[in-house]
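Read the structure below first, then the notes.
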Amino acid sequence: MAASAGSWPPEGRAMTTPPTTPRRPTAPRRRRLRRYIPPQHGAWAMLLLPWLAGVLTTGFTWPHLPLLGAWLAGYLFSYYLLQAVKTRRPGRVRAQLCLYAAPTALLAAPVLALRPQLLWYAPAYATLLAINLGYAARRNERALLNDLASVAQSCLMVFVCATTSTAPPAEALPAFLVVTGYLAGTVPYVKTMIRERGHTGYYRASVAYHLAILAAAAWWHQPIAILFALLLARATVFPKRPMAPKQVGIIEIAASLLLLLILAVT
C-alpha cells in the first residue's frame, strides 16, 4: 500500500530534528484491516439479533454455531460482491471475495448436510439478494426498498434458526414478528437521525410506523407493547435533537438487548 499523503518527513524537506509524534507502526496494519472489514457497524447488530432471537426461542443446538459463522462470513462476502457490482471493478475486491467465499461455503456445508430442509429458504434469499444487486448496479443502495430487502434477509434468520433446531416454524413466528417489527422501524428512524435529518416526510413516516406497530403490539402482547412504546418515544424525540452516529448506535444496541430480554422471559 502506498504511503499516505501525511507521511513523515514531508516530501522534499530534510528532517533535521526527530519528530515529536512518532508514526505508529500499527497504522499500515489497521489500514489493511479496514480493506477487509466493512465500515457498516450497524450491520453487525442486524446480523446477530435475529440469530440470537431464533436461538432463544427455539433452543440451541450445535449446528447453530457453524450457521452463525456462515451467516457472518456470507454477509462479508455479499458486501464486497455488492461493491464489485456497484463500482463495476471486481478486481478491486477480488481478494476480499476470495477470502470470504471459502469460510462461507465450508461452514454452511455441514449445516446443510444435517438440515437439507434449509434449502427451502434459498429462493427467498436469492430474490432478496437480487434486489440488493439491482440497486447496487444503479448505485442507489440507500433506497428504502433496498434497505427493507436487507432487513427481510436478516429477519428470515429467525426461521432458519428454528429449522436448524428442528423446531416448527410456528414456534419462531412470534420472535420473527417482533424482530421484523423492530428492524423495519429502524430503516426510517435511522434515516431521520443521519442522512435524512430534518426531512419532514421521513420523520412523519417513521412516527406513523411506530404508532401502528405499537397499536398492533398492544393488542397482541403487553410486554412487547412496552418495548414498542419506548421505540415510538425515541423515534419522536431524538430526531429533534443533535446526536452523533455513535450515540444513535448505542441506543439501538440497548433496544436490541431489551428486545432479547423480553423474548427470553416471555
Side-chain angles (χ1 to χ4, degrees), residues 36-38 40 43-85 90 93-137 141 145-184 256 259-260 263-264 266:
Y36 294 90
I37 303 297
Q40 304 293 332
W44 299 106
M46 198 166 73
L47 292 165
L48 292 173
L49 177 62
W51 183 86
L52 288 169
V55 169
L56 275 174
T57 54
T58 62
F60 174 79
T61 59
W62 74 261
H64 281 122
L65 290 178
L67 173 66
L68 176 60
W71 178 233
L72 298 178
Y75 159 70
L76 293 167
F77 177 82
S78 67
Y79 175 85
Y80 289 105
L81 175 64
L82 293 172
Q83 290 295 304
V85 171
V93 293
R94 184 176 291 114
Q96 291 89 334
L97 291 173
C98 293
L99 175 65
Y100 294 122
T104 301
L106 290 173
L107 290 167
V111 184
L112 292 174
L114 288 167
R115 306 285 190 266
Q117 58 268 41
L118 288 172
L119 291 173
W120 285 104
Y121 297 102
Y125 275 106
T127 301
L128 294 168
L129 180 59
I131 293 174
N132 292 153
L133 290 169
Y135 278 101
E141 69 276 15
L145 179 58
N146 188 55
D147 288 341
L148 291 175
S150 297
V151 166
Q153 291 177 54
S154 293
C155 294
L156 277 176
M157 179 52 58
V158 177
F159 286 127
V160 172
C161 286
T163 302
T164 302
S165 62
T166 67
E171 189 174 329
L173 182 60
F176 171 79
L177 292 175
V178 174
V179 171
T180 301
Y182 166 63
L183 288 180
S256 298
L259 186 155
L260 291 172
L263 288 178
T266 58

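Atoms considered below: every heavy atom in the structure, side chains included; atoms not considered: hydrogens, waters and symmetry mates. Heads up: numbering here begins at 1 and tracks the sequence.
- Here the closest heavy-atom approach between residue Q153 and residue L129 is recorded as NE2-N, 4.0 Å.
- Nearest heavy-atom pair, L263 versus A53, reported as atom, atom and distance to 0.1 Å: CD1-CB, 3.7 Å.
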So L148 and I131, side-chain contact (heavy atoms from CB on, under 4.5 Å) or not? Walk me through it.
CA-CA 10 Å; L148 291 175; I131 293 174; over 6 Å; no
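- Taking 4.5 Å as the limit, every side-chain heavy atom of L76 sits out of range of all side-chain heavy atoms of L99.
- The closest side-chain donor-acceptor pair between T61 and S165, if any, does not fall under 3.5 angstrom.
- The heavy-atom pair separating I37 from Y80 by the smallest distance is N-OH, 3.2 Å.
- H64 places no side-chain N or O within donor-acceptor distance of the main-chain N or O of T164, the cut-off being under 3.5 Å.
- In this structure a side-chain-to-backbone donor-acceptor pair under 3.5 Å is present from Y100 to Y36.
- If you take OG on S78 and CG on L128, they are separated by 12.0 Å, rounding to the nearest 0.5 Å.
- With rounding to the nearest 0.5 Å, the separation of CG in L82 from OH in Y135 is 13.5 Å.
- The shortest non-hydrogen separation linking C155 to F176 is O-CD1, 3.3 Å.
- Heavy-atom minimum distance, A84 versus V93: CB-CG2, 3.7 Å.
- Atoms CG and CH2, on L107 and W71 in that order, are 14.0 Å from each other to the nearest 0.5 Å.
- Between the side chain of T163 and the backbone N or O of L118 there is no donor-acceptor pair closer than 3.5 Å.
- To the nearest 0.5 Å, the span separating OG1 on T127 from CG on N132 amounts to 11.0 Å.
- Note that OG1 of T166 and CZ of R115 are 5.5 Å apart. Values are rounded to the nearest 0.5 Å.
- Between W44 and L72, the closest side-chain pair of non-hydrogen atoms falls below 4.5 Å.
- If you run side-chain contact (heavy atoms from CB on, under 4.5 Å) between M157 and each of V179, L67, L47, L48, only L67 comes through.
- One distance of note links OG1 of T57 with CD of E171; it measures 7.0 Å at 0.5 Å rounding.
- With a 4.5 Å cut-off on side-chain heavy atoms, W51 and V158 do not count as touching.
- Minimum interatomic distance between S154 and P50 (heavy atoms only, all atoms of both residues): O-CB, 3.1 Å.
- Annotation: F159 is not in aromatic contact with Y121 [ring centroid separation under 6.0 Å not met].
- Distance alone, capped at 3.5 Å, is enough to place a donor-acceptor pair between the N146 side chain and the E141 backbone.
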